[in-house]
Amino acid sequence: MALSSHEIKQKFLSFFESKQHTFVQSSPIVVKGDPTLMFTNAGMNQFKDYFLGNSEAPYKRVVNSQKCLRVSGKHNDLEEVGHDHYHHTMFEMLGNWSFGDFFKQDAIAWAWELMTGVYGLPKDQLYVTVFEGDAAANILFDQEAHDRWAEFIDPKRILKGNKKDNFWEMGDTGPCGPCSEIHFDMRSAEQREAVDGATLVNQDHPEVIEIWNLVFMEFNRKADGSLDRLPAQHVDTGMGFERLVRGIQGKSSNYDTDVFQFIIQNTAKLCGKNYGDNEAQDIAFRVIADHLRAVSLCIADGQLPSNTGAGYVIRRVLRRAVRYGYSYLGFQESFFNQLVPGLADYFAGSFPELKAQESFVQRVIQEEENSFFRTLSSGMGRLGTFIDQHPKGVVDGATAFELYDTFGFPIDLTDLIARERGCSVDMDGFQVALQAQKDRSKADAVKQTGDWITIMADSDESFCGYDATQCVSEISRHRTIVAKGKNLYQLVLDVCPFYAESGGQVGDSGHLIGEDGEIVRVLDTQKENKLHVLVCENLPKNMNQVFTAQVDASRRNSISSNHSATHLMHSALQEALGSHVAQKGSLVNDSALRFDFSHFGKMTDEEIAQVEVRVNEKIREGIALKEHRNVPIAEAQKMGATALFGEKYGEYVRVIEFDANYSMELCGGTHVANTSQIGFFKILGESSVAAGVRRIEAVTQQSALDYINGQLEELSQVKIALGNPKDVVSAMNKVLEENASMRKQLEQMEVEQVSALKSSLLQKVQTVAGVPMVLEQMNLPSADAAKQLCFQLKQELVNPVVVLAFLADEKPGLAIYIDEQWVAEKGWNATQMIRECAKEIQGGGGGQPFFATAGGKNADGLSAALASAKGILGA
RNA sequence: GGGGGAUUAGCUCAGCUGGCUAGAGCGCUUGCAUGGCAUGCAAGAGGUCGCCGGUUCGACUCCGGCAUUCUCCA
């Protein structure tokens, strides 16, 4: 009996724990606070700072399993996923790490021991690669790695690899080094006999696959391209968990392992089709199985589907899965969400955040599916109409692109449906239009980031903003950013009192005041990994002086007040609504606070009032802030502090406590020293942001007072306007009722007025050559009344002709009605006639042959206009 | 962040190049018909055409801005 995937992972972890490695939890799959990366795409992401030397690793040896997502940027496999058997969007990366501890010798020995000893993989089906060296880059052959491997494996199975495959770099600059890969030849004995596996390594052969990459970081690449030896050497290994399981379980597809099979079987149950019956369906099964993992884990880490950024990526992945289910498995309505519970159970041991939010995740997905099915059916309608109008024709690129771009209708569905109905699609034209849109978007996003220019080489770049809003400091480095043709300057201080935007709290603004008196405005403060970066309009002329760094303290105070109120409200919401309430987003600035949380259904007015009352009680209690810094994460959890899903916490955390029995949260933000400083808390509104997520907006301090006063002021205006009645509401209702009834009366009067005019006009009917005519000049209440009159006269008379020259609102106008019969018999045309007549009043007009109107400027010309009409009609 | 679309009756939507007294289906009200019905027939109520401004004799229609929302791209 082969090992299960859970057992395989457990063996990996315990193996390295037995080698004194410490297990570290996976960081969230959704990256926050790094503009260059949306999703975690490798195990090393969360350890980046250790390699860069920005901070020191708490453990020398680490083992982990990291959830990763590759859907955008450099690693974009999305369109291939499902069509083959080994590409994935979401995958787990197993790794063991040395931060300045063991190096090549141990890393290689342990890797071999695990592969062949623990997992029992056959030695004669394994190959390893080592870096061959690169004369041009002046790096030598990795002799040491080669020699270590040679202790275990037949030297014929040690292959040399080039810089592309066997030299790893983090970026253009920074830590780098040679790497060594383990490849597994999974072909049958006959095939192995026929073709030497060594020739298939790194050739994208589906059965000769790389399963483990050991990176030895020993160099630092400098900006000029040269390499320095690092003071401390690191090991970073990464092994794709899904392909490892496939190798050990001896399957020919990742999807045949127990990592994916239960999802595929659950899908099969829902659609009543079997996996393995035909290839098109099987692709759909695989797409769904893969995408379910990606979408569910992202939502569990707090990234909801949306129309922008990372949320949009999730939406696209989700829609791709639903699309395949719709096209190939016959799903006509939401199904994808029903696969969540099974997945949550599978991951319960490794990623419990999914199980903990199972119903939330399921609900979000279901709502998203429903919305996509609506999009599909409306696109279907549009495409259908087009094909009806162009039977057996070509759907041109512009139309196909419009369906895709504006209405979200997938291009492959357009193609499928067009072909079913005997049409074709101009795919080249579609691609041209798509490329044009991409170019447009890219041109807009042009932003250049200059290199950091260091002023103080060995600065701590520490943050003192929890304790002070002002301090003496120096500039440690700076750089220039060009965005939309505008220059902005960023600088980092040696000691920084400015809070950088994070955790929903906006960055501080303020000033730097130089010794020489120069003042530089700080517009904003942003976080880049652990750096606090000040954003300024200009740089000080003298960078090498001592500055007073001064945070805008009153703004900071308002921000802190709103942030503390957010914490109090979070607890109040849990009291009022239940323990399912969890933070899903937060924005705290100086004017207001916004808090998104998971909750199904609209909050009642009573619940909102209850939360508001509770928070204000806590404000009046005057609870002193207890701030706990550098608490080990385990201890913080023991204290009962609330942690957020999808937030990355370090080994040591900060706990913000307002009454140990009321509010305790892990938080890096700034807060008031005592809740009484919040003064007053007022909720402005409650609304929905997504399925299962509600939003509350609220204000505190002066903003709250301003809001209340604004409301009272409006009310007092209303009262004054109503004459200061005792009961404003009933007085208002009375006015509204009166208004409604008067409007009705007015309408009635207008009708009567028109009717009276009609009666008087009926007296003036003259018959010219057998045609009853009304030809009059008069005053009318509105231009619309002329139209009304014409059509009413039509009801009363038999096939009449009506010409009215009128003055309405002091403006001259004409209206001509010619019954259809005379239009046909005599060729009279109201439009032509009125253009002729309108010349007399210096105006123009038009309409249809039987009815036309005109307006003009010259009221004195009305009689002439009427005369002109009479002339034409022969009256 | 950039592009495109949408916003008309309680709901789903028509309304082409400015002028068809703003329409359809469903729903609602009333009456009639049938033993009953997601029944049939008839009559009727219900609309600041998202908001603000502009062009025009005239704007649901064209132009600009704003709001809301959908969608694609980055």
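Naming convention: chains lettered A, B, ... in sequence-line order (proteins, then strands); numbering from 1 in each chain. From a predicted model like this one, the values you see are computed outputs, not experimental measurements.
- For the residue pair Q435(A)/D439(A), the side-chain donor-acceptor check at 3.5 Å is satisfied.
- Within the shown strands, rA67(B) is the pairing partner of rU7(B) under the Watson-Crick or G-U definition, both distances less than 3.5 Å.
- Around NZ of K758(A), the count of heavy atoms belonging to other residues, nucleotides or ligands within 6.0 Å exceeds 12.
- Nucleotide rC20(B) holds its C1' atom 5 Å from the CZ atom of F850(A), rounded to whole Å.
- Rounded to a whole angstrom, the distance from the P atom of rU61(B) to that of rU48(B) is 16 Å.
- Set against rG4(B), rU71(B), rC73(B), the side chain of R316(A) has rC73(B) as its closest nucleotide.
- For the C1' atoms, the distance linking rA45(B) with rU34(B) amounts to 27 Å, nearest Å.
- Computed from coordinates, the R382(A) CZ to rA14(B) P distance equals 7 Å when rounded to whole Å.
- If you check rU71(B), rU21(B), rC73(B) against the side chain of F791(A), the one that comes closest is rU21(B).
- Across the interface with RNA chain B, nearest-nucleotide mapping of G855(A) and K794(A) shows K794(A) to be the residue nearer the 5′ end.
- Applying the Watson-Crick and G-U wobble criteria (two distances, each under 3.5 Å), rA14(B) pairs with nothing in any strand.
- Closest approach to the R440(A) side chain among rG4(B), rU21(B), rG3(B) is made by rG3(B) (side chain taken as heavy atoms from C-beta onward).
- Distance Q431(A) CD to rC73(B) P: 11 Å, rounded to the nearest Å.
- Within residues 835-844 of chain A, the residues that have a heavy atom under 4.0 Å from RNA chain B are, in order of number, G844(A).
- Both distances falling under 3.5 Å, in either a Watson-Crick or a G-U wobble arrangement, occur for no nucleotide opposite rU56(B).
- In this structure, F595(A) and F597(A) have parallel ring planes: the angle between them is below the 30° cut-off, well short of the 60° mark.
- Nearest to the side-chain atoms of T375(A) among the listed nucleotides rU71(B), rC20(B), rC73(B) stands rU71(B).
- A 3.5 Å limit on both hydrogen-bonding distances identifies rU39(B) as the Watson-Crick or G-U partner of rA33(B).
- Using P as the reference atom, rU12(B) and rG4(B) are 26 Å apart when rounded to the nearest Å.
- For rU61(B), there is no paired base (Watson-Crick or G-U wobble, both distances below 3.5 Å).
- When the P atom is used for both rG31(B) and rC70(B), the distance is 43 Å, rounded to whole Å.
- Only the P atoms considered, rG3(B) is 10 Å distant from rG65(B), to the nearest whole Å.
- A close approach under 4.0 Å does not occur between any side-chain nitrogen or oxygen of T853(A) and OP1 or OP2 of rC57(B).
- For the pair L434(A) CG and rC73(B) P, the interatomic distance rounds to 7 Å; values are reported in whole Å.
- Using a 4.5 Å cut-off on side-chain heavy atoms (C-beta onward), I288(A) and F335(A) make contact.
- When the C1' atom of rC70(B) is taken as reference, atom CD of E367(A) falls 14 Å away, rounded to whole Å.
- Centroid-to-centroid, the aromatic rings of F851(A) and F791(A) come within less than 6.0 Å.
- Side-chain contact between L762(A) and L793(A) is present, with heavy atoms from C-beta onward closer than 4.5 Å.
- The minimum heavy-atom distance linking F386(A) with V395(A) is given by the pair CE2-CA, 3.8 Å.
- rG27(B) sits 7 Å from rG10(B) when the C1' atoms are compared, rounded to a whole Å.
- For the residue pair T525(A) and D508(A), no side-chain donor N or O sits within less than 3.5 Å of a side-chain acceptor on the partner.
- Closest non-hydrogen pair, C837(A) versus A865(A), comes out as O-CB, 3.6 Å.
- Residue F851(A) contributes atom CZ, which lies 15 Å from atom P of rG58(B) at whole-angstrom precision.
- In this structure, the nucleotide among rU71(B), rC72(B), rC20(B) sitting nearest to the side chain of Q437(A) is rC72(B).
- Rounded to whole Å, the separation between the P atoms of rC66(B) and rG1(B) comes to 13 Å.
- Nucleic acid contact class of R319(A) (heavy atoms, under 4.0 Å, all strands): sugar-phosphate only.
- Distance F409(A) CZ to rG4(B) P: 23 Å, rounded to the nearest Å.
- Taking atom NZ on K857(A) and atom P on rU56(B), their separation rounds to 8 Å, with Å as the unit.
- Taking the centre and axis of the six-membered ring of F407(A), the NZ or CZ atom of R382(A) falls inside the cone set by 45° and 6.0 Å.
- In this entry rA22(B) has no Watson-Crick or G-U wobble partner, no candidate having both defining distances under 3.5 Å.
- When the C1' atom is used for both rU8(B) and rG2(B), the distance is 30 Å, rounded to whole Å.
- Listed pair Y312(A) / rU71(B) fails the phosphate criterion, with no side-chain N or O lying under 4.0 Å from OP1 or OP2.
- When each of R315(A) and S378(A) is assigned the nucleotide of RNA chain B bearing its nearest heavy atom, the one mapping closer to the 5' terminus is S378(A).
- The partner of rU48(B) is absent, by the rule that a Watson-Crick or G-U pair needs both atom distances under 3.5 Å.
- Of the candidates rC72(B), rA74(B), rU21(B), rC72(B) carries the atom nearest the D405(A) side chain, counting heavy atoms from C-beta on.
- Out of rC73(B), rU21(B), rG58(B), the shortest distance to the side chain of K811(A) is found at rG58(B).
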